[in-house]
Number of protein chains: 2
Amino acid sequence: MNNKISKNSIRRLIRYRTVLQRFQNMGLGKVFSDNLAEALDIKASQVRKDFSLFNLTGNKRGGYVIGDLLEKITNIIGKNRTYNTIIIGAGNLGKALLQYTGFEKEDIKIKAAFDIDPAETHKQYSTPVLPMENLHSFIQENDIEIAILTTPALAAQRVMDLLVKANIKGVLNFAPIRLKAPKEIFINNVNLLQELENIIFFIKEKKEKIAVI
Amino acid sequence: MNNKISKNSIRRLIRYRTVLQRFQNMGLGKVFSDNLAEALDIKASQVRKDFSLFNLTGNKRGGYVIGDLLEKITNIIGKNRTYNTIIIGAGNLGKALLQYTGFEKEDIKIKAAFDIDPAETHKQYSTPVLPMENLHSFIQENDIEIAILTTPALAAQRVMDLLVKANIKGVLNFAPIRLKAPKEIFINNVNLLQELENIIFFIKEKKEKIAVI
DNA sequence: CTGATTTTGTTATTCATTTCACAATAACTC
DNA sequence: GAGTTATTGTGAAATGAATAACAAAATCAG
C-alpha cells in the first residue's frame, strides 16, 4: 500500500461506521457500496476507493458483511481501547462538554476538567474540576493523551505550552487562534463563530448570484 | 470573474479577517501576502490566489492596506448587517451557546432558544427559552434566518422539517445525523465526537507509521 | 453446468486545488 | 532619475481528490 490517507477519507471512515451501526441496529447483515454511498450522499466508487485504501474487502456480488466491516473500521479508528481525556477551561462550553454524554459510550473517558477560577473548581460535578496547578501532574499520573481546550483565546497558547511540556498527544481546540506546537502533536480546530460566518456567506451569496461550487 | 469560489476559500477568507484584525489591534497598517501566509500556515501564493478570487487588491511592493482589506472582506462575508438566529434544543450545548458571548459582537443576534421541556422554558436566561409550539411564528415574526440545532439526533430531522416549512435559510447542525433538506438551505455540520475520533486516529497512527498526508 | 447478472476492486480519467514561476510595477537607493 | 529590489497578480504546472469505467469474480437461474 503506497497510497496516502487523507483527512477526508478518515472523516468518511468515521461516518461509514456510524451508518453501519445504524444498519446493524436495523437488523441488516450486509451492505453494498451503493447503500453506504446513498447514506453519505457520495458516489459508490468513492466508498470502494476508501475501502480499498484501508484494505476493507467485501465479496463480489455479495457486498460487505456489516459485522466484519464494523470491527475492522473500529480497529482502524482506534477504538479498541480507551482514550483518557481532559477539558481545560470550565466556562460555558467546557461545562457543557463535561456534561455531554455522547463521548462516554465511545471509549473516550473525560477524567477531569481544569480551570483557573477557584470558584469553578469547588462546584460539584460528576467529573472533578481541578485548579490549573495540578495540570502537569494529573496528565502524567492519569495517562492523559487528549486535551479539549475551551479557554479564551488569550490563554490558549499558554495552556498549549503546558500541554506540550506534559507530553499530550492530541488537542481539540475550541479557542479561535492557531496554536503553535510541535508537529507530532495533532491539533484539531473547531471554531464555532467561523462555522456561523460560513453560513452567513452562503445565505448572503444566494441573493447576489455569485457562482459557488 | 468566471472563477468558482470554494468552501475552503471562504473558510480561509474568514481566517484572514481574524488575523488582520489582530494585526490591526497590534497597530499595523499594512501586510504582505507573506505575513498572512505565515499566520495561517499556508503558502503566500495561496493568499494571493484567494485575494484575486475575491478581487482584493494590493500594491506591488507596498502590500495590502489592512483597513481596506478588512472592510472589503467583512463586506464579502456579509457582516454589514445583523443576522437573526435561534437555538433549538436547550440541553447542555444549547445552554452553553446561549451564554456564549463570542457571537454578539459579530452581528449575530441570538433571539431565542427553543425546547420541548417546559422546565427549561421557565428558567430565566437573558435570552428567552420558548416552547417548540412557538417556533414557526417566532421565525416568521422575528425575521430569523439561521437556526443552531442542538437537539438529540432522534429529534433533529423532525425539527429540520419544521425549519424548512418556516423558510429558514441556514442551519448549524450539531446533531450527529445528516439532515435532509432542500438544497437551497445551507447546512453546516459540526460533530464533536467525530472531531475527537479524528484525533484518536491520528495519535494512534503515529505509532504504526502509516503514511498520512 | 452454462450463461446472464451483479458487485467488487482497481486503473484510468476528469475535475479541483495548490503551488510555482515570472512578468509587471511600485517603492526605494544613491 | 537610472538602477535595483520587493511584492503583487495571474497563467501554467503540479498535485490531489472524486468519479467513471471496466475486468474479474461471485452468485443466481434454469
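From a predicted model like this one, the values you see are computed outputs, not experimental measurements. Order of the sequence lines sets the chain letters (A, B, ...), proteins ahead of strands, with each chain counted from 1.
At whole-Å resolution of the value, CG in A:Asp50 and C1' in C:dG9 are 13 Å apart. Distance, A:Glu38 CD to C:dT7 P: 14 Å, rounded to whole Å. Atom P of nucleotide C:dC20 and atom CD1 of B:Ile42 are separated by 13 Å, given to the nearest angstrom.
Ranked by how close their nearest DNA chain D nucleotide is to the 5' end, A:Asn59 and A:Ser9 are led by A:Ser9. Summary of the strand contacts: A:Lys30 and B:Gly62 both lie near DNA chain D, and taking for each the nucleotide with the nearest heavy atom, the more 5' one is attributed to B:Gly62.
Nearest to the side chain of B:Gln46, among D:dA24, C:dT18, D:dA20, sits C:dT18. Residue B:Arg12 has its side chain nearest to C:dT18 when only C:dT18, D:dA20, C:dG9 are considered. When distances are taken from the side chain of A:Arg61 to each of D:dC28, C:dT8, D:dT7, the shortest belongs to D:dC28.
A salt bridge does not link A:Arg11 with B:Glu197: every distance from a Lys NZ or Arg NE/NH1/NH2 to an Asp or Glu carboxylate oxygen is 4.0 Å or more.
Across all strands, A:Tyr64 comes closer than 4.0 Å only to sugar-phosphate atoms, never to a base (heavy-atom distances). Backbone-only contact: A:Thr57 has heavy atoms under 4.0 Å from sugar-phosphate atoms and none from a base. Here B:Ser33 lies in heavy-atom contact (under 4.0 Å) with sugar-phosphate atoms only.
Checked by atom type, the side-chain pair B:Glu71/B:Asn75 shows no donor-acceptor distance below 3.5 Å. Side-chain polar atoms of B:Asp161 and B:Gln157 form a donor-acceptor pair below 3.5 angstrom.
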Where do N or O atoms of nucleotides 10-12 of chain D meet protein N or O atoms at under 3.5 Å, pair by pair?
unit_1: D:dA12; atom_1: N6; unit_2: B:Lys49; atom_2: NZ; d: 3.3

